[in-house]
Every structure is written in structure tokens, then in C-alpha cells.
Peer 1: 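Sending over a structure as C-alpha cells; questions will come in a sec.
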Amino acid sequence: MTRSRQDRSLSFGSQAAAYERGRPSYPPEAIDWLLPAGARDVLDLGAGTGKLTTRLVERGLDVVAVDPIAEMLEVLRAALPDTPALLGTAEQIPLPDNSVDAVLVAQAWHWFDPDRAIPEVVRVLRPGGRLGLIWNTRDERLGWVKELGRIIGREDARDALDGGVALPEPFSDIEHFSVEWTNYLTPQALIDLVASRSYCITSPAEVRTRTLEQVRELLATHPALANATGLALPYITVSVRATLP
């Protein structure tokens with residue numbers, strides 16, 4: 001990972017609150033598809049503010065959240081005080097060997113160094129365990145979302161997804177799944193969504209300010225958005241799962 005990319009991957013702490021307010025959760029059917037039957041102990045790796053962690057805890061699972069950014073974990077701990085939340089990385093997971101049934105990674109695999117992360121994931125998984133990856137991507141095919149994409153640029157995950165997510169041995173039975181769904185949010189939450197993107201966070205102040213001003217202008221002038229108190233933002237959620245022998 002280049003230095004600038006590493007800086008971007010660790011940049012979210014300054015916008016942890018905006019991240020929590022603006023980022024969507026994940027569709028239930030995608031989460032269900034990722035989880036292996038009978039799973040009990042689950043690691044949410046790169047958990048951030050706990051968008052996925054919350055959904056896993058709601059299912060009655062024993063969840064451990066790991067993230068390298070303290071400010072993100074502070075938000076998670078405030079919402080889920082009974083869930084273990086540990087500082088750590090995909091390349092150095094702070095868990096014992098053979099300790100979880102599934103490792104789920106939401107919106108974060110493209111930030112990892114797979115050559116170092118895969119052996120660590122294998123180490124903490126039990127035999128027959130599951131690695132599940134999930135990304136929310138904006139559906140920019142139509143309307144105002146296409147205009148939004150022109151303003152804020154390409155999503156960080158697109159390179160990984162467009163190139164095809166490859167998981168090396170010892171993982172097998174690699175499968176893919178996608179779900180189209182809609183997230184409903186306020187105009188302010190859309191601004192928070194943009195403000196919490198790594199590119200926006202790490203841009204010079206004048207670039208960041210101009211980007212957010214353009215989003216506000218879109219909200220004020222686009223026929224589908226002007227005077228709206230609620231917005232419908234379409235997503236395509238892409239998931240990948242693989243099983244450890």
C-alpha cells in the first residue's frame with residue numbers, strides 16, 4: 001500500500017461522527033448470505049463505527065469488533081458497550097488462533113494488504129470457517145445519484161470490485177452475491193456521507209469546502225431533491241464469501 005493510500009485508509013477518525021451519521025447499514029439478506037450456518041463467534045474486521053457490528057449483535061451473535069482507528073471505536077463502544085472493541089489491523093489481528101467461526105469485513109477489504117491479512121484471517125478462523133466481504137456502492141446509473149458521482153468522484157472500493165475480488169488458497173468455494181436496495185436519509189446525512197469519504201477528508205481544505213458546497217447546491221437545485229426533507233439513495237451491495245477447509 002502506498003503511503004498516500006495508507007494515510008487515506010487511516011483518515012476516518014477525524015470524521016467518525018459524520019461517518020456514523022451518513023453511512024448506510026447493510027441489507028439483511030446480504031448479511032444472512034455471508035454468515036455460515038451455526039456461526040456463533042464472529043469477528044467484524046475493520047469495524048469502523050459499527051455499522052455491520054450492530055446488525056450482527058442484533059442477531060444474538062458473539063461479536064468482536066477490531067479497527068485500527070481509536071476514534072471510530074469510541075463511537076462503536078458508545079452504541080455497543082457490551083461488545084468487545086479492540087484496536088488492531090487485518091495484518092495483526094488481536095485474537096487467539098482458531099477463535100471465530102466467521103470473519104466479516106464491511107467496506108474495508110480494499111484497504112488491507114491481502115498478502116499479510118489472509119494468513120491472519122486463516123489463523124483466527126476455525127476449520128470450516130467463513131470469510132465474508134461486503135461493500136455498499138452507490139447505484140449511479142440514473143438521476144441525481146449520477147450527478148452526485150460527478151461531484152464526489154469514484155468510490156474507493158470500485159477498483160477492487162471492478163478488477164474482481166480474488167481470495168487465494170486455502171480458501172475455496174468462492175461465491176458472489178449482489179443486492180439492489182434503497183437507503184433513506186436526510187439532506188444533512190448526505191452531506192455527512194460525502195464529508196466522511198477518505199478522499200474528501202484528505203483533500204486540501206479548499207477542495208473539501210468546494211466539494212461540500214457543490215453537494216449543497218445539488219440538494220438545493222436538482223428537481224428530485226429541492227425542498228425534500230428525505231432522500232432515497234439507491235445502492236448495489238456486493239458480497240463475496242469463501243470457506244476455509
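Bear in mind that the values here come from a model prediction, so they are computed numbers and not experimental data.
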Peer 1: Pairs under 3.5 angstrom only: tabulate donor-acceptor contacts from the side chains of residues 31-53 to other protein residues two or more places apart or in another chain.
Peer 2:
residue : atom : partner : partner atom : Å
D32     : OD1  : R59     : NE           : 3.1
D32     : OD1  : R59     : NH2          : 2.8
R40     : NH1  : G60     : O            : 2.4
D41     : OD2  : R126    : NH1          : 2.9
D41     : OD2  : R126    : NH2          : 3.1
D44     : OD2  : T53     : N            : 3.1
D44     : OD2  : T53     : OG1          : 2.6
T49     : OG1  : E20     : OE1          : 2.6
K51     : NZ   : E20     : O            : 2.7
K51     : NZ   : R23     : O            : 2.7

Peer 1: Would you list the pairs meeting ring-ring contact (aromatic ring centres under 6.0 Å, His included) in which at least one residue belongs to residues 43-88, sequence neighbours left out?
Peer 2: none
Peer 1: Which residue pairs pass the ring-ring contact (aromatic ring centres under 6.0 Å, His included) test with at least one member in residues 200-220, sequence neighbours excluded?
Peer 2: none
Peer 1: With rounding to the nearest 0.5 Å, note down the distance linking CZ in F177 to CD1 in I134.
Peer 2: 9.0 Å
Peer 1: Taking only residues two or more places apart in sequence or in another chain, which ones pass side-chain contact (heavy atoms from CB on, under 4.5 Å) with E58?
Peer 2: T54, R55
Peer 1: Which residues satisfy the side-chain contact (heavy atoms from CB on, under 4.5 Å) test with S99, sequence neighbours excluded?
Peer 2: L95, P96, V124
Peer 1: So how far is it from Q92 CD to R116 CZ, rounded to the nearest 0.5 Å?
Peer 2: 6.5 Å
Peer 1: Give, for atom CD of Q188 and atom OG1 of T186, the distance between the pair rounded to the nearest 0.5 Å.
Peer 2: 6.5 Å
Peer 1: Show the numbers, then the answer: is there a side chain to side chain contact (heavy atoms under 4.5 Å, CB included) between D82 and V57?
Peer 2: CA-CA 10 Å; D82 297 327; V57 170; over 6 Å; no
Peer 1: According to ring pair (Phe, Tyr, Trp, His ring centres under 6.0 Å), who are the partners of F171, at least two apart in sequence or on a separate chain?
Peer 2: none
Peer 1: Keeping R123 on the side-chain end and I93 on the backbone end, is there a donor-acceptor pair under 3.5 Å?
Peer 2: yes
Peer 1: Run the side chain to side chain donor-acceptor pair (under 3.5 Å) test against T237 and tell me which residues pass, sequence neighbours left out.
Peer 2: N136, W181
Peer 1: With sequence neighbours excluded, tell me which residues meet side-chain contact (heavy atoms from CB on, under 4.5 Å) with E29.
Peer 2: P27, V179
Peer 1: Taking all heavy atoms of R208 and all of S203, pick out the closest pair and write down the distance.
Peer 2: N-CB, 4.3 Å
Peer 1: Could you walk me through whether V194 and I151 satisfy the side chain to side chain contact (heavy atoms under 4.5 Å, CB included) test, starting with their C-alpha distance in whole Å, then the side-chain angles of each, then the deciding distance to 0.1 Å, before giving a yes or no?
Peer 2: CA-CA 10 Å; V194 176; I151 294 169; over 6 Å; no
Peer 1: If two hydrophobic side chains count as joined below 4.5 Å and joins carry through other members, does V75 share a cluster with L87?
Peer 2: no
Peer 1: Considering non-hydrogen atoms only, spot the tightest contact between L244 and P170 and give its length.
Peer 2: CD1-CG, 3.5 Å
Peer 1: Considering non-hydrogen atoms only, spot the tightest contact between A232 and W144 and give its length.
Peer 2: O-CZ2, 3.4 Å
Peer 1: Report yes if some heavy atom in the side chain of L193 is under 4.5 Å from a heavy atom in the side chain of L233; otherwise report no.
Peer 2: yes
Peer 1: Give every donor-acceptor pair under 3.5 Å between a side-chain atom in residues 213-230 and any protein atom, sequence neighbours left out.
Peer 2:
residue : atom : partner : partner atom : Å
T221    : OG1  : E217    : O            : 2.7
H222    : ND1  : A224    : N            : 3.1

Peer 1: Closest approach of P94 and V66, non-hydrogen atoms and distance?
Peer 2: CD-CG1, 3.9 Å
Peer 1: Within the distance-only criterion (no hydrogens, no angle test), does the side chain of R138 pair as donor or acceptor with the backbone N or O of V145 below 3.5 angstrom?
Peer 2: no
Peer 1: Working to the nearest 0.5 angstrom, can you tell me the gap between L212 CG and I152 CD1?
Peer 2: 10.0 Å
Peer 1: I'd like to check the side-chain contact (heavy atoms from CB on, under 4.5 Å) partners of P204; sequence neighbours left out, ordered by chain and number.
Peer 2: E206, V207
Peer 1: State yes or no: do V64 and V105 share one hydrophobic cluster built from I, L, V, M, F, W and Y residues joined by side-chain heavy-atom distances below 4.5 Å, directly or via other members?
Peer 2: yes
Peer 1: Is there any ring-ring contact (aromatic ring centres under 6.0 Å, His included) pair reaching into residues 53-90, and which pairs are they, with sequence neighbours excluded?
Peer 2: none
Peer 1: Cluster question for you: counting only ILVMFWY and a side-chain heavy-atom cut-off of under 4.5 Å, with indirect links fine, are W111 and I118 together?
Peer 2: yes
Peer 1: Mind jotting down which residue pairs meet the side chain to side chain donor-acceptor pair (under 3.5 Å) criterion with at least one end in residues 166-179? Sequence neighbours excluded, please.
Peer 2: E175-R241
Peer 1: Answer with yes or no whether the hydrophobic clustering places W135 together with Y26; edges join I, L, V, M, F, W, Y residues whose side-chain heavy atoms lie under 4.5 Å apart.
Peer 2: no
Peer 1: Working to the nearest 0.5 Å, report the span between CG of L133 and CZ of F112.
Peer 2: 8.5 Å
Peer 1: Mind listing the closest non-hydrogen atom pair of L167 and A242 along with its distance?
Peer 2: CD1-CB, 3.7 Å
Peer 1: Would you check if the side chain of T137 reaches a backbone N or O of I236 as a donor-acceptor pair within less than 3.5 Å?
Peer 2: yes
Peer 1: What's the separation between atom CG in L125 and atom OG1 in T243, rounded to the nearest 0.5 Å?
Peer 2: 9.5 Å
Peer 1: With clusters defined by side-chain heavy atoms of hydrophobic residues (ILVMFWY) lying less than 4.5 Å apart, directly or transitively, does V100 cluster with L131?
Peer 2: yes
